[in-house]
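Sequence lines set the chain letters: A, B, ... in the order given, protein chains first and strands last, and positions in each chain run from 1.
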Amino acid sequence: MPNEHNVPALPRIGVYVCHCGTNIAARVDVAAVTEYASHLPYVSVAREYKYVCSDPGQELIKKDIEELKLNRVIVASCSPHLHEHTFRLTTQAGGINPYLFQMVNIREHVSWVTEDSAAATAKAKALVRAAVQRVVFHEELAPKSYPVHPQVLVVGGGIAGIHAALTLANAAKHVYLVEREPSIGGHMAKFDKTFPTLDCAACILTPKMTAVKAHPNITLLTYSEVTRVDGFVGNYRVQVKRKPRYVEENKCLGCLECITGCVYKDARYPSEFELGLGKRKPIYVPFPQAVPLVPVIDAETCILFKSGKCPKGCVKACGDRAAINFDQKEEVLELEVGAIILATGFQTFDAGRLPFYGYGLYPNVYTSLEVERLVNASGPTGGEIVLRDGRRPKRVGIIHCVGSRDDQTNRWCSRVCCMYSLKLAHLIKERTGAEVYNFYIDMRTPGKGFEEFYQRLLDEQVHFIRGRVGEVNDWAAIPEEEGKLIIRVEDTLIGIARRIPVDMVILSVGLEPQADAAEVRKLFNITSSAEGWFLERHPKLAPVNTFSDGIFLAGCCQGPKDIPDSVAQAGAAAAEALALIDKGCVELEPNTAWIDAEHCSGCQACVALCPFTAIRFDAERRVSVLNEALCKGCGTCVAACPSGAAQQHLFLDEELFAEVEGVLA
Amino acid sequence: MNEDFEPRIVGMFCNWCTYLAADLAGTSRMKYPPNVHVVRTMCSGRVDPQLILWAFRCGADGVLVGGCHFGDCHYQEGNHKAFRRILLLKQLLPQLGIEPERLRLEWISAAEADRLCAVIADFREQIRQLGPLRAPLEEEKMEHVPA
Amino acid sequence: MSRPKVAFYWCASCGGCEEAVVDLAENILPVVEAVDIVFWPVALDFKRKDVEALENRAIDVAFINGAIRLSEQEEMAKLLREKSKLVVAYGTCAYLGGIPGLANLTDRESILHYVYREAPSLAANPDTMPQEHVRMAEDGVLELPHFDDTVRTLDQVIDVDYYIPGCPPLPQLTLEAVQKILKGELPPKGAVLAPAQALCQECERNASKPERLMISDIKRVHEVIPDAKTCLLAQGLLCLGPATRGGCGALCVQANMPCTGCFGPLEPIRDFGGKALSLVASIVDSTDEKVLRECFAKIPDPAGTFYRYSLPAALLPQRRKINAR
Amino acid sequence: MKYVYFPGCCIHGSGRHCEEALFAVFEKLGIELEELPDWNCCGSTVYLAIDEPSMFALAARNLALTQKLGEKELFTPCAGCFLALHKTNDYLAQYPKLAEKVHRALAAVGLEYNGQVQVRHLVDILVNDYGLERLQSQVVRKLEGLRVVPYYGCQFIRPYPVFDDVYSPTSMDRLLECLGAEVVPYPLKTRCCGGPLAGMVGEVGYRLNYLLLKEAKRRNADLVVTSCPFCQFNLECYQDEISERYHEDVHIPTLFIAQVVGVALGIPREQLGFRRLLVSPEPALEKIKEVAHA
């Protein structure tokens, strides 16, 4: 019930209803809404305009504020998440406090979702009326301003994380780069060549990796994970857990003698980095170019940890450098950073989920990532493309869209598979002269130089069969098929079912969110799409921002991307972080709560309810006191406060009650 | 059931999940009935039971509170607090002659635009079945309504 | 100048408020000295016609207690309003509807049916049902007041200048109020003549509150003998002190009984029950639906618990008739 | 455990040994069967091809009779019947017009059917109702050393994958493993056995059949085990012709799943209908002994 005496100097409201071209006008009778608004209490002027967010549109508002002495502004257009900020600035430019503004969402919530015009118009009217009733109670506010910590946290040491970290470090900002694996490099480190230019991944990645290690502004934390995040934009407090690698980074010179010295004379455990195609010892570096070049001891397989008895060849080999320390314990670091860039990447689709492709059943069915290792000069076969039984494949089938564009598994296109399949086809053709068959649904080669690469492959006589493969099996229908893998597919261009016998099958597995993406999302308090990709604030206008200010996205954690796109996005994220830091301070929505001592019961219910410990009890005055700096503006104390002493700016009881009454009136 | 009865429903949506789901429904051009009029709060934990009672007093036939899934709350546990309050409020409503089904609490994440549409369509239908909620005030008796 | 004219009247109330006036004890004498009581059915033999005989606004202040349930009460309230400069809603029934207000959880028919048909105490003629017009043997038709369907607060019937809360109001508050008025020190119209702060502020158990005021279980008064020192709410008893206006000096709590809210809400609150409910639900320390349901099951009558004194003044003041469906 | 039993016609003809084994196994496991009184043709094959409504009416009658017994489940060992009855449930639910015809037909003989009767498969019952652990505890003769090919055929999961994965069913694999047998990877496990084609379009039917047998032998299987009596019959009875036709010895003993379970439960083979088999499994079964005593 709006009690008049709360109303400051008689309101003079200007209402601006936006056509948004036809986005709104096509469904909502804008003229009618404007007419209706013009008769609402305290409304001095109501206008419609094609694009209120355009310069002339905003000018219109400023002019009215000055000439008609408006002291309240309402814009009925799109979502406040899109333009509330814009119009607050307009309101301010017009000469009144920016918070004397209220936005009405008649596009996302009305015109775009409502079939019937009359209904849409009625709904728009109701929402506008609600805003008019609400804005009457708006108060003059000032945004809360806080200093920003100049450091940045980058999570994930793949190419995106590396690039973001270097960009920031080169701008003289201190960066903490956290990577959970023993080395940075991510997926790119596993690749041999990169499409479409075929330059060697290691050649372009390794310099960046060493640059990270060498950079004075980068603190590299490998074999580490972020375990807690709190605080807010500009002032995040982050807890990082460092797993013990039992080799002290500061003492190790990277000579790798210890690995030679290990009691196990030869590597016997499947190497994670080589996806099991190669072997490693209990003490190992994932790959020769690893950064940092510091071995890790795997407690699972190290005989000392297992039996407690070991001659400790590694320790002997290390000698007086004494870098090896079996007593190393897990370490927990507390970091303070102003911005966070998430570059946590992707995982490849588990081909085992599609049993009819025979992955795991037939040894000569590989995933594309495994083949990346096979063709890689520093890979388990030294770049020799040979089957598990040592034979050289004469016929190779590459099946596209495994775990992509598939209702059974993942519906999205993974964007990179067509191109890396072409790349692998080329490399295999080049090195083995084998017949290579690509089985595709559609060839998607929209990038720079991509289509040309496709043409090149066609010229190289690589076969392309259009059709989704039905099954891969090992039984022969005719003698020629004996001992081969048979790819059964409907060739949709000639309309017949075919059986293609091959020696090697490569499954071009799609990209999907990391297995722990959901936990990471919660940890950093951001949202994600239904598929599990981290959600950008706006698909077009804020592609690297999240809904949590100060947390930015880079690379495949936001969706499938190729290397150039990941790098570009990483640069963008770094720029956003820089903008935030160099401004030096953040202005926060002044939607914090406060407690009116005059009415406070001193019951202290709010103290326990506040998730951010922003409220304490002042025993002297017997009232609760709220620390505005800690308050994040959820308003749960307001809802609970039995005496009405707790209130929240921008969401005052008066404002909400008036709004509810408005939408119903 | 009165066929042409269109329920008046107030949506109280949290800024981070359900309100964004409604935005996404818009950008995805999904269609749903126009009955729900949305009032935005930062968190479902801000939804004061008074506000819900007020909505019913002002003539709402239903109230739809939307928040983030458990574990996803932007403010850690605001949604749990909303859950507790609404659970107890639903225990009170029948005594005031209001079917508890008229108050609905849903967890709808920013990505679940399709669920939002489904919930709204379903809730509308549910309220249509219940029929209009006559605001309990017998106005003619209230010669004098206090300010 | 003549002494200020004062009137007292009772509507739907238990009589406790009248007692409260009498409870002024020896303090009543100076009051009586100071004023000229022109109407007080409980104590003095004046009749309605005497009031009607007065000129409009002849009475300086009328203290009306009790809620409005009968046509007669409505008429008298309007009459007194007409004849008085100031009207004070005296006691919680007049202020918020009070205990009689809980009748709004049912309706006229159900009440009459129960009282005259089903009540176990019912002895005699089951056909008896109060009539508004009764033909008397000797002098024609006797008219009895109409029994309304709804219980209303005084200010839902007439314009009220001040409110004195309490069930019943404390003599001390009454005295202060009366003296203020007599001295002509008039607070702003509509004021509640009691402290602006909550009961907890005057409750010495407030200091005993734990670090986190959260409860794992709700207890009912008959289930436990609460510790006489610690906050009752912290002990799981539904003490509504945090939501209730102070002024009573936490009488009930001193008697080791939880506050039931008779002084009504604090100024910023729109709906006492809704807010009290929110408080209780908020501080139950569980995220487990099952636990919560078991806990809330300990509140078998939420309306009676949270709206005990204030239903007619609530946002939803009366049970909705579900004649739809 | 007790089930209403729908034998179907084949199992009383070409599949008698299957039924004998089935009865023996169920008796051993204490699973009771009550034959559906007055059951009739399941409607598959010929009817299905000629006159759909009558086919569904026929099938529905059996389901209706089950419902009349107050039972919710109907068990049939025959894959053909299994599919026909399943399909009936599905079609009655999907196509109101058809359903109406069928219901009228049923009404004419004073029957009604609410579509609620579940049709159960032998493997489903053994794996999911009786349970593998329980079954394992009953095994007296582990099939160790026996390399078996589990052959599911088509009707087992297509088009209704009610209790197993449509792409690569595994329930029979697990069943055989729990009996101690070594299951041979066999990607043709759901490929067509040729069905009645062998009798109609020889070269096609034989070829399909040949591929299955040949691949089984190539994988050094001792035994092919089928979940369908008709597949069993089909795979077994043409082995001479096929060997001749393709100049390759494809002889390999082929048993119905119940027979193999029977062996593992130590049921004397005369109760398992072995005498009706065309290709003797004895040499294969010899292998078990060796392992057992070795």
If one checks every heavy atom of Cys203(C) against chain A at 4.5 Å, the contacting part turns out to be backbone
Cut-off 4.5 Å, heavy atoms of chain A, and the answer for Leu266(C) is side chain
Would you find more than 12 non-hydrogen atoms of other residues, nucleotides or ligands less than 6.0 Å from Glu211(C) atom CD? no
Which pair of non-hydrogen atoms, one from [X] and one from [Y], has the smallest distance, and what is that distance?
| X | Y | answer |
| --- | --- | --- |
| Gln201(C) | Arg622(A) | NE2-O, 2.8 Å |
| Gln604(A) | Pro210(C) | OE1-O, 4.0 Å |
| Ala605(A) | Ile283(C) | CB-CG2, 3.9 Å |
| Asp653(A) | Arg270(C) | CB-NH1, 3.6 Å |

One option among Cys200(C), Ala198(C), Ala196(C) has the most heavy-atom pairs under 4.5 Å with chain A, and it is Cys200(C)
Of the listed Ser278(C), Pro265(C), Pro242(C), Ala243(C), the one with the largest count of heavy-atom pairs under 4.5 Å with chain A is Pro242(C)
In this structure, CZ of Phe617(A) is separated from CG of Leu213(C) (nearest 0.5 Å) by 10.5 Å
Between the CZ atom in Arg245(C) and the OG atom in Ser643(A), the distance rounded to the nearest 0.5 Å is 11.0 Å
Expected contact set for residues 596-603 of chain A against chain C at heavy-atom separation under 4.5 Å reads Ala597(A), Glu598(A), His599(A), Cys600(A), Ser601(A), Gly602(A), Cys603(A)
Bottom line for Ala619(A): the part with an atom under 4.5 Å from chain C's heavy atoms is neither
